[in-house]
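This report refers to the structure that appears directly beneath it.
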Amino acid sequence: MKSPDFKTLWADSESLVAKRRFGLWLRILTHAAVAIAAAAVTLAAVNLAPEPGLIRSIVPHRFDATDPQFARSMSNYSQGQMFSQNAVQTLVNGDEIFPAMLQAIGSAQSSIDMETYIYWSGSVGYKFANALAAKARQGVEVRVLVDWLGSLPFDEDLFHIMTGAGVRFQRYRPIHWYTLDRVNNRTHRKLLIVDGQVAFTGGVGIADNWLGDARNPSEWRDTHYQIEGPSVSAFQAAFAKNWLETTGETLQGEKFYPPLKGAGQLDAQLIISSHPNGSEDMELMMLAAIAAAKDHLRIGMAYFVPDEIALQQILDARKRGVAVDIIVPNSLTDVPTVRKASRHFWGQLLEAGVRIYEFQPTMYHPKLLIVDDVWASFGSTNLDERSLRLNDEASLNVYGRDFALTQIDLFNHDLERSRQISLAEWQAPPLSEKITDWLASRLHTQL
């Protein structure tokens with residue numbers, strides 16, 4: 001047998017080394033792929049796992065909303081300080097809302113602070129950007145905080161218009177490697193505070209969807225509110241907290257917290273929630289309000305997907321003989337999955353005599369809760385687990401019969417443009433639709 005020559009041995013050794021290197025890299029890539037997959041699964045679990053609820057049972061009915069104990073209890077367990085002598089103006093749809101906000105911005109003398117979930121490109125976005133930029137050029141301190149996720153459809157020209165004029169523009173919780181565990185926790189608040197003396201809140205984002213007067217599907221139905229009086233300081237503090245988290249800057253002094261005189265006759269308290277601490281305050285407030293209903297409970301919600309506790313709280317009100325009316329969007333909703341998940345839970349409510357209506361002309365976007373004819377709550381908070389577990393939210397509770405009656409009139413006007421859903425209609429859809437509704441309802445912790 002002829003012995004292999006040197007070249008053959010060298011070639012064989014190179015081949016062996018190459019195979020070993022390939023095997024080594026294959027093992028490294030395999031381990032890296034497993035590590036990446038494990039990290040992705042872990043992050044998904046952290047962000048999508050259901051948030052544990054601290055409230056495990058309904059709030060018992062011990063007094064109604066006219067009892068002084070109701071206001072005292074609400075102030076204490078919802079961490080919402082009560083302020084007297086406030087004035088609240090109701091602004092209906094974009095035709096009233098945007099001009100009022102822009103007028104307040106135009107009148108600013110020292111500071112403008114705005115926090116919003118949605119700031120999208122379009123004519124409204126440019127109007128606000130130019131108005132804010134104009135005040136910044138005049139020397140007014142202007143701060144704008146937009147949610148990173150909610151404001152993704154954002155034209156960079158808007159950013160340059162504002163920052164080029166001196167507006168301090170920040171995105172709330174953008175994605176970084178060290179914030180991946182909080183991707184699912186957003187600010188859903190809609191706050192505008194001018195000179196620390198006037199505040200706005202409600203359901204409206206900065207986008208063309210809200211233009212008009214809810215006359216057709218392209219003009220969303222919504223309500224915003226202008227607030228003056230001592231409670232404005234609570235709005236300023238709510239903004240300052242998220243601004244501090246985002247920038248590290250502390251807002252203090254008379255520029256932000258001027259002495260506030262009485263502006264009206266209304267008692268009001270701002271309830272804020274923030275993940276991970278404080279979310280239960282908003283949930284407890286809503287449950288306690290429902291528990292205080294004696295005669296009539298009115299709920300107007302863009303996204304209505306109550307968890308089991310909230311569902312039982314509403315059913316408990318019906319057992320006491322409380323009339324319950326709920327307005328939700330129809331098929332024109334911007335999030336069809338939420339509507340499907342919501343419908344899955346309607347059976348128990350309809351069987352108990354709850355009246356459910358779908359608003360017809362366009363997307364219905366308010367967040368309104370009215371107890372009897374004495375108390376109303378409004379702001380950014382929906383009756384769903386996303387609002388009550390995950391998002392930063394803000395809602396103002398207003399105590400006073402005259403104000404509650406104005407909200408009832410508005411609610412009744414929306415009822416006239418809504419269609420009632422009967423139990424028979426709810427039971428009628430084909431099995432396939434009921435299955436998809438059920439499947440959507442399994443996502444309730446994220447909706």
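Side chains included, hydrogens not; waters and symmetry mates left out as well; all remaining heavy atoms used. Fair warning: this is a prediction, and the values are worked out from it, not measured in the lab.
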Please report the C-alpha distance between Arg143 and Glu249 in whole Å, then the side-chain angles of each, then the deciding distance to 0.1 Å, and finally whether the salt bridge (Lys or Arg N to Asp or Glu O under 4.0 Å) criterion is met.
CA-CA 11 Å; Arg143 293 169 176 80; Glu249 181 187 14; 2.9 Å; yes

Could you tell me whether Asp147 and Arg186 make a salt bridge, using a distance below 4.0 angstrom between a side-chain N and a carboxylate O?
yes

Near Gln103 CD, under 6.0 Å, is it more than 12 heavy atoms from other residues, nucleotides or ligands?
no

Does Lys434 count as lying over the ring of Trp426, i.e. NZ or CZ under 6.0 Å from the six-ring centre, within 45 degrees of the axis?
yes

Locate the shortest heavy-atom distance separating Ala165 from Arg137; write the atom from each residue and the value.
CB-NH1, 3.5 Å

According to side-chain contact (heavy atoms from CB on, under 4.5 Å), who are the partners of Pro366, at least two apart in sequence or on a separate chain?
Arg221, Asp222, Thr223, Tyr364

Ignoring hydrogens and angles, state whether a donor on the side chain of Ser274 or Asp392 is under 3.5 Å from an acceptor on the partner side chain.
yes

Taking atom types as modelled, is there a side-chain donor on Ser84 or Asp267 under 3.5 Å from an acceptor on the other?
no

Could you check whether His224 and Asn93, counting side-chain N and O atoms only, form a donor-acceptor pair closer than 3.5 Å?
no

Under 3.5 Å, is there a donor-acceptor pair between the Lys190 and His188 side chains?
yes

Side-chain donor-acceptor pair present, Ser380, Glu393, cut-off under 3.5 Å
yes

May I ask you to decide whether Glu141 forms a salt bridge with Arg168, counting only side-chain N to carboxylate O separations under 4.0 Å?
no

No-hydrogen, no-angle side-chain donor-acceptor test under 3.5 Å, Asn86 and Glu228:
no

May I ask you to check whether Tyr172 and Glu115 show a side-chain donor-acceptor distance below 3.5 Å?
no

Can any side-chain N or O of Asp213 pair as donor or acceptor with the backbone N or O of Arg215 at less than 3.5 Å?
no

Would you say Asn130's side chain and Tyr126's backbone share a donor-acceptor pair under 3.5 angstrom?
yes

Any side-chain donor paired with an acceptor under 3.5 Å for Glu219 and Thr362?
no

Please say whether more than 12 non-hydrogen atoms of neighbouring residues, nucleotides or ligands are located less than 6.0 Å from CD in Gln265.
no

Considering only NZ, NE, NH1 and NH2 on the basic side and carboxylate oxygens on the acidic side, decide whether Glu280 and Arg389 come within less than 4.0 Å.
no

Do Asp195 and Gln109 have side-chain N/O donor and acceptor atoms under 3.5 Å apart?
no

Taking it one step at a time, do Leu368 and Gln407 satisfy side-chain contact (heavy atoms from CB on, under 4.5 Å)?
CA-CA 9 Å; Leu368 180 64; Gln407 302 311 296; 4.2 Å; yes

Could you check whether Asp437 pairs with Arg343 (Lys NZ or Arg NE/NH1/NH2 to Asp/Glu carboxylate O, under 4.0 Å)?
yes

My understanding is that only one of Thr381, Thr333, Asp334 makes a side-chain hydrogen bond (donor to acceptor under 3.5 Å, both in side chains) with Tyr303; could you say which?
Asp334

Assess the side chains of Ser342 and Trp346: does a donor N or O sit below 3.5 Å from an acceptor N or O?
yes

